[in-house]
Amino acid sequence: MMAEDDGAVRSVLRAFDLLALFTERRRTWAVKDLTAASGLAKTTVLRLVATCEQRGLLWTRPDGRVTVGPGMLRWAQLANTAWQLPEPVRQILRELAEEHGETVNLYVRSTEALVCVAQQEGSRAIRHVGRVGDELPLGCGAAGQVLAGGEGTAVSHGEPEPGASSVAAPVLDADGRLLAALAVTGPTTRFTADAVARLGAGVTDASRRISRIGFGARPE
């Protein structure tokens, strides 16, 4: 029974890894390319694609290329609804971005990664640009430091890419448990010691205000 359970879990993980290969930059794949990118045997890829198609998660087009399936629309809508921030929280993000001119992101931890669940772009012509839903390795950047170790205000330079810097602070739930990390990110050249001090004060104040309001999946 244990071996059978292990095999089932392995198949599920492989299916998720296969789905993760589909991105905005690569929305369709030929089976041979999926096989090469996944490192799996072609027979395994074909089986996983067929299983995902049964649940609407993948779809094979008439030309034979595989893309995301219509079933994803339901999950996308559900996720958008569940992670829609309260307007007072969104206002705090806007105010922080407007005050400092840098991009503001809200991250949560998902196993060994941090995921951006909200963003407010900065007003500067040269600014950090990311996307809601982007994943970073746990510990990456100031937000990653906060989510990995529960630190207070954290600062990072050169992450998630060279030339980028960030300042982050923890967002707590009503019981004081770490819930998320609020981060301000921009070009390293603008993150001088004085600027980091100002950003640290701003992001800490904003994170405390968000902690008091709360956010997350809406109740049923």
Side-chain angles (χ1 to χ4, degrees), residues 5-40 42-90 93 103-121 129-138 140-141 143-144 147-148 160 171 173 177-183 210 213-220:
D5 290 345
D6 289 345
V9 171
R10 185 164 58 250
S11 294
V12 171
L13 292 176
R14 284 175 172 175
F16 286 151
D17 288 341
L18 198 70
L19 290 172
L21 293 173
F22 293 84
T23 66
E24 290 184 6
R25 294 182 179 180
R26 190 70 181 269
R27 289 176 287 185
T28 68
W29 289 81
V31 171
K32 64 180 180 64
D33 295 328
L34 269 180
T35 300
S38 66
L40 300 173
K42 183 178 180 180
T43 53
T44 301
V45 170
L46 289 172
R47 185 177 70 252
L48 293 174
V49 168
T51 300
C52 288
E53 281 189 304
Q54 291 176 12
R55 294 295 182 264
L57 302 180
L58 289 177
W59 181 60
T60 300
R61 304 189 321 191
D63 62 3
R65 295 185 67 83
V66 182
T67 188
V68 293
M72 286 288 194
L73 294 171
R74 173 180 175 271
W75 293 107
Q77 182 60 40
L78 176 61
N80 183 63
T81 302
W83 288 96
Q84 187 67 43
L85 299 182
E87 179 54 30
V89 173
R90 299 210 63 89
L93 268 59
T103 297
V104 177
N105 294 287
L106 190 65
Y107 293 92
V108 298
R109 178 173 179 172
S110 177
T111 59
E112 295 305 309
L114 53 149
V115 182
C116 178
V117 296
Q119 180 186 84
Q120 180 64 46
E121 284 195 23
V129 178
R131 296 172 300 181
V132 172
D134 279 353
E135 292 188 0
L136 295 171
L138 187 62
C140 180
L147 291 175
V171 175
D173 67 11
R177 294 171 298 202
L178 181 61
L179 182 64
L182 181 67
I210 294 174
I213 296 171
F215 78 94
R218 294 180 178 178
E220 297 181 359

With rounding to the nearest 0.5 Å, note down the distance linking OH in Y107 to CD in Q119. 7.5 Å

CG/L40 to CG/L34 distance, rounded to the nearest 0.5 angstrom? 9.5 Å

Over all atoms of both residues, closest heavy-atom pair of S110 and V115: CB-CG2, 3.8 Å

Within the side chain of T67, is there an N or O that forms a donor-acceptor pair under 3.5 Å with the backbone of R27? yes

L179 side, atom CG; L147 side, atom CG - distance, nearest 0.5 Å: 9.5 Å

So CD1 of I213 and CZ of R90: to nearest 0.5 Å the spacing works out to 12.5 Å

Are there more than 12 heavy atoms of other residues, nucleotides or ligands under 6.0 Å from atom CD of E24? no

Could you tell me the separation between the SG atom of C52 and the CG atom of L18, rounded to the nearest 0.5 Å? 6.5 Å

Above 12 or not: heavy atoms from other molecules or residues under 6.0 Å from CZ of R26? yes

State, to 0.1 Å, how close A118 and L93 come at their nearest heavy-atom pair, and which atoms those are. CB-CD2, 4.0 Å

Run through L48, D33, T44, L21 and flag the one making a side-chain contact (heavy atoms from CB on, under 4.5 Å) with S38. L21

When rounded to the nearest 0.5 angstrom, what is the spacing between CG in L58 and CE in M72? 6.0 Å

Kindly determine whether R65 and D63 satisfy salt bridge (charged side-chain N to carboxylate O under 4.0 Å, His left out), including the steps that lead there. CA-CA 6 Å; R65 295 185 67 83; D63 62 3; 5.2 Å; no

Shortest non-hydrogen pair, C116 vs R131, comes out as CB-O, 3.8 Å

